2 protein chains.
Amino acid sequence: MTRRHSTQKGMIKDALARLDHPTAAEVYEEIRKIYPQISLGTVYRNLNLMAGDGEILRLPFSGAPDRFDPNVREHFHVMCSRCGRIFDTNHTIPPGLITQIDHAVEACTGVKVESRVMIFKGICAACQPAGQT
Amino acid sequence: MTRRHSTQKGMIKDALARLDHPTAAEVYEEIRKIYPQISLGTVYRNLNLMAGDGEILRLPFSGAPDRFDPNVREHFHVMCSRCGRIFDTNHTIPPGLITQIDHAVEACTGVKVESRVMIFKGICAACQPAGQT
DNA sequence: TTAAATAATAGTAACTATTACTATTATTAA
DNA sequence: TTAATAATAGTAATAGTTACTATTATTTAA
Ligand SMILES: [Mn+2]
Ligand SMILES: [Mn+2]
Ligand SMILES: [Zn+2]
Ligand SMILES: [Zn+2]
């Protein structure tokens, strides 16, 4: 079951870098422009393999397709509930906060936390009603 | 568009209270035992209405059906990645931690956070390898 | 360099969760 | 009571994703 290289795999990585937190379908459409015979199944299979290997992140959204992120550095995501744009948090989020929450969760449930899905929703600056910060 | 009462609606609320963070399908099966003619569409429609009204919570899980929770008090959820059981955090999670994270996210993205999905994954006490806490 | 072993692919079918549609029924307010 | 219409059961349709399969491409080692 050793992993092999393929042209398609390279194109998927390139598309991920070019697009902004794309869905599988968006990756597929992007690649189809230059390589029309690529199959959607190939895109899904590779994204799943990469996410399983920890090479990329999978971002689940309620009632919407998963999105993928080649940036595996610890960061979080905010979606604007008005325009749907997705924003990255940067490294200024204190990692200590996450640890504290993990500990609190472990203390009251007895579950050893290994990962967490944290997706925020709100109104982005551009969508904020004019004259408000 | 004023909301009306119905037998089915009552049964859905009862099933939610009886079951533990059930999916729509689980609510449907539970009710079918005593009211076989209920329709899955009715279960979905009512769960959606209730969640929209803030009367219940919707818990999205990546690649799995949404689950519903009649407990709308602020609390979080941990899923055991071994056995799949879902655990509630209790009121001992300091709400201040959440506020701090919201603020950090707002500071670096400019998005005014209105809600967040926080679902933790780990290994529960029962699934922990024997001889470990 | 071939050649055998098999991972990866394209194309398509199938599946799961959820929503949409529609004719009928039940609830409500006057 | 009855008129207006929200809610329902049953079913069809949709979206996202996975499964299947015959073929192709990559890899390893003779
Ligand atoms: Mn990101
Ligand atoms: Mn709960
Ligand atoms: Zn916006
Ligand atoms: Zn467990």
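The sequence lines fix the lettering, A, B, ..., with proteins before strands; numbering per chain opens at 1. Bear in mind the structure is a predicted one, so any value in this text is a computation, not a measurement.
One atom, CG of B:Asp53, and another, P of D:dA7, lie 10 Å apart when rounded to the nearest Å. The CD-P distance, from B:Gln37 to D:dT8, rounds to 12 Å in whole Å. Rounded to whole Å, the distance from CG on A:Leu47 to P on C:dA8 is 14 Å. Atoms CD (A:Glu26) and P (D:dG16) sit 10 Å apart, rounded to a whole Å. Atoms CZ (A:Phe61) and P (D:dG16) sit 14 Å apart, rounded to a whole Å. Atom CZ in B:Arg3 sits about 18 Å away from atom C1' in D:dA4, given to the nearest Å. To the nearest angstrom, C1' of D:dT8 lies 11 Å from CD1 of B:Ile12. Between the CE atom of B:Met11 and the C1' atom of D:dT8 there is a distance of 13 Å, given to the nearest Å.
For the OP1/OP2 pair of D:dT8 and a distance below 4.0 Å, the side-chain nitrogens and oxygens of B:Gln8 include at least one atom meeting the criterion. Residue A:Ser39 places no side-chain N or O under 4.0 Å from the OP1 or OP2 atom of C:dT9.
Sorted by first and then second residue, the pairs that involve residues 33-49 of chain B and meet salt bridge (charged side-chain N to carboxylate O under 4.0 Å, His left out), not counting sequence neighbours, are B:Glu30-B:Lys33.
Using bins of under 30°, 30° to 60° and over 60° for the plane-to-plane angle, the ring pair A:His21/A:His75 lands in the tilted bin.
Of the residues listed (B:Val43, B:Thr42, B:Asn48), the one engaging B:Asn46 in a side-chain contact (heavy atoms from CB on, under 4.5 Å) is B:Thr42, and it is the only one.
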**OP:** Summarise protein proximity over nucleotides 17-25 of chain D in one line of letters, 5' to 3': B for base, S for sugar-phosphate only, - for none, counting protein heavy atoms closer than 4.0 Å.
**Re:** BB------B
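For the helix from C:dT1-D:dA30 to C:dA30-D:dT1, the axis fitted to the five pairs at one end and the axis fitted to the five pairs at the other end meet at an angle of 40° (nearest 10 degrees).
The SG atom of B:Cys80 sits 8.5 Å away from atom CD of B:Gln128, with the distance rounded to the nearest 0.5 Å.
When heavy atoms are screened at a 4.0 angstrom cut-off, B:Tyr35 is found touching the sugar-phosphate backbone but no base atom.
Hydrophobic clustering (side-chain heavy atoms under 4.5 Å, transitive across Ile, Leu, Val, Met, Phe, Trp, Tyr) groups A:Phe120 together with B:Leu97. A continuous path of hydrophobic side-chain contacts links B:Ile98 to B:Phe87 [ILVMFWY only; heavy atoms under 4.5 Å].
Between D:dA9, C:dA8, C:dA10, one nucleotide has an atom nearer to the side chain of A:Lys9 than all others, and that is C:dA8. The nucleotide whose nearest atom lies closest to any side-chain atom of A:Asn46 is, among D:dT8, C:dT9, D:dG10, C:dT9.
Between B:Ile119 and B:Pro60, the shortest heavy-atom distance links the atoms CD1-O, 3.0 Å. In this structure, A:Leu16 and A:Pro22 approach most closely via the heavy-atom pair CD2-CG, 3.8 Å.
A 6.0 Å sphere centred on NZ of A:Lys9 holds more than 12 heavy atoms belonging to other residues, nucleotides or ligands.
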